[in-house]
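In what follows, chains carry the letters A, B, and so on, assigned in the order in which the sequence lines appear, proteins first and then strands, with residues in each chain numbered from 1. What you are looking at is a predicted structure, and each value in this text was computed from that prediction instead of being measured.
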Amino acid sequence: MVREWKQVADVLREDCDGSQVELRGWIYRTRGSNKMLFIVLRDSSGIIQCVGSRNDLGDGPFDLARSLMVESSIIVRGKISPDSRAPGGFELQMNALEAVSPAEPFPITKDQSEEYLRDMRHLWLRSRKLTAIMRVRSTLTGAIHDFFRGKGFHEFTPPIFTPNSCEGGSTLFEVNYYDRKIYLTQSWQLYAEAAVFALEKIYDVSPTFRAERSKTSRHLSEFWMAEMESAWMTYMDVIEIAQEEIKFIIGRILERNRADLEVLDVDREMLGSYLQKEWKVITYTEALKILKERAGMEVEWGKDLRTIEEDKLMEFFDAPLTVIQYPKETMAFYKPMEGDAPDAPGPVAKCFDMLAPSGYGEIVGGSERETDLDALMDSLRKEGEDPKDYEWYLDLRRYGSVPHSGYGLGVERLLSWICGLDNIKDAIPFPRTMKRISP
RNA sequence: GCCGCAGUAGCUUAGUUGGAUAGAGCGUACGACUGUUAAUCGUAAGGUCAUCGGUUCGAAUCCGCUCUGCGGCGCCA
């Protein structure tokens, strides 16, 4: 028969009736004297203080317990009781303690640098901060699946190895594939466009690889994108879906990760307020006007918004902002021209970016897709690509194309914003950047 | 690709006109302590000052190369 044990969060939640419980976990902290011992026990659900006296445990177990170091795995038994002196308000009065596996001196102690913690990532995952983040991450990706499935979307998984680029080849990771050169995927998009004529409404959550030489707190070489693509929808339609999706995610996290948000020191009221606020949509041309009139920043029409301009722009908005209709010139080949843009001095694309508040940058990028075969081939040539390399993609326009749109949401960017992280590297378990591939 | 910052015990660090045995806190070991909140007190071990080269009577300190990491720009999610 399997012996029963409980999780820390469960015993803290239940009314403690004074009965005997067993807990299994790891030593988070120890302190004490030669008569009295305090062990803060950690499991995946939380921490609780366990108290033992030499009298209650006996000399052998007591001395063993005193010798155990942080992160030793243990099983303890005793009675839960309220105590104002215990962190969390409850503690376990131990009458038995069993060492499962004593730990060597744990390398992570009180003083830690970010760099060291990243070297020790395999151990730092056990920290309250990282566990909280990873739990929120799990809620986040789970919410994406629930959101799209609830709307009749099908999960569609793209290949990770791809023969050609999607948005410019300079940022692709090359792979030796049976002595041929191929690449790790940068976006599911071209494949999604093939699938959309079969399934109509699709989504995915999958890894993406970009060899951008970016060394910032907002970039990873390997990250996860949550993408959607839908037949018959315009880019304005999918903007609404993106807004709905993110609100759904935030709502789900507020509902399920209360304790984690507390550990991360996230202002839950602030987070909840985004669900009430209006998420504005403005054009690129309007954005330039705002920058000029309210911030005195002059941006030449046609130039892409840079980080400094995006950050400035977001100072005037208190919820995610969608900027639409960027100049066609700077956009990827598959983004079609918007004919109806009276305020723009030049051709603009049916595209959008969603910017998160407080400097977290672009969290979503999307567009309508070009359906006209000739326009597509022209754009490809302009980007220096050979249309021949895109034959199968161009086929999609030859056999019953329909208007369709989609977007990609950066999972780690969104998680960083929601959790208030100061570095995107903490939003993924084992970050891969230009300078770091281990652990 | 461009610009900037950093590297001293296991960890966090002090260390400037260049000067003799490079200080400390945490952690660890041993000891004391019956209510601690990353306890406190005592003792101890632990350092080729990232590497290589140069300047100098003398380099952790000044100069140069290299290595490693971090951040900003650009690009992007």
Using atom CH2 of A:Trp188 as one end and atom P of B:rA77 as the other, report the distance to the nearest whole Å. 15 Å

For atom OH of A:Tyr326 and atom C1' of B:rC76, their distance in whole Å: 12 Å

Does a side-chain N-to-carboxylate-O contact under 4.0 Å join A:Glu412 and A:Arg137? yes

Nucleotide-level pairing of RNA chain B, given in dot-bracket where Watson-Crick and G-U pairs need both distances under 3.5 Å and | marks other strands: (((((((..((((.....[...)))).(((((.......))))).....(.(((..]....))).))))))))....

5'-most by nearest nucleotide on RNA chain B - A:Asn423 or A:Arg413: A:Asn423

If you measure from the ring centre of A:Phe223 to the centre of the six-membered ring in the base of B:rA77, is it under 5.5 Å, with the planes under 30° apart? yes

Compute the centroid of each ring, for A:Phe147 and then for A:Tyr203, and state whether the two points are separated by less than 6.0 Å. no

Per A:Tyr116 side chain, nearest of listed nucleotides B:rU12, B:rC75, B:rG71: B:rU12

Can you tell me which nucleotide in B:rU36, B:rU12, B:rU34 comes closest to the side chain of A:Glu91? B:rU36

Can a cation-pi geometry be assigned to A:Lys151 and A:Phe148, taking NZ or CZ under 6.0 Å from the six-membered ring centre and within 45° of the ring axis? no

Look at atom NZ of A:Lys277 and say whether more than 12 heavy atoms of other residues, nucleotides or ligands are closer to it than 6.0 Å. yes

For nucleotides 25-32 of chain B, which of its nitrogen or oxygen atoms have a protein nitrogen or oxygen under 3.5 Å away, and what is each distance?
| unit_1 | atom_1 | unit_2 | atom_2 | d |
| --- | --- | --- | --- | --- |
| B:rG25 | N2 | A:Asp111 | OD2 | 3.1 |

B:rG35 C1' sits how many Å from A:Arg54 CZ, rounded? 16 Å

In whole angstroms, the gap separating P of B:rG10 from CH2 of A:Trp124 amounts to 22 Å

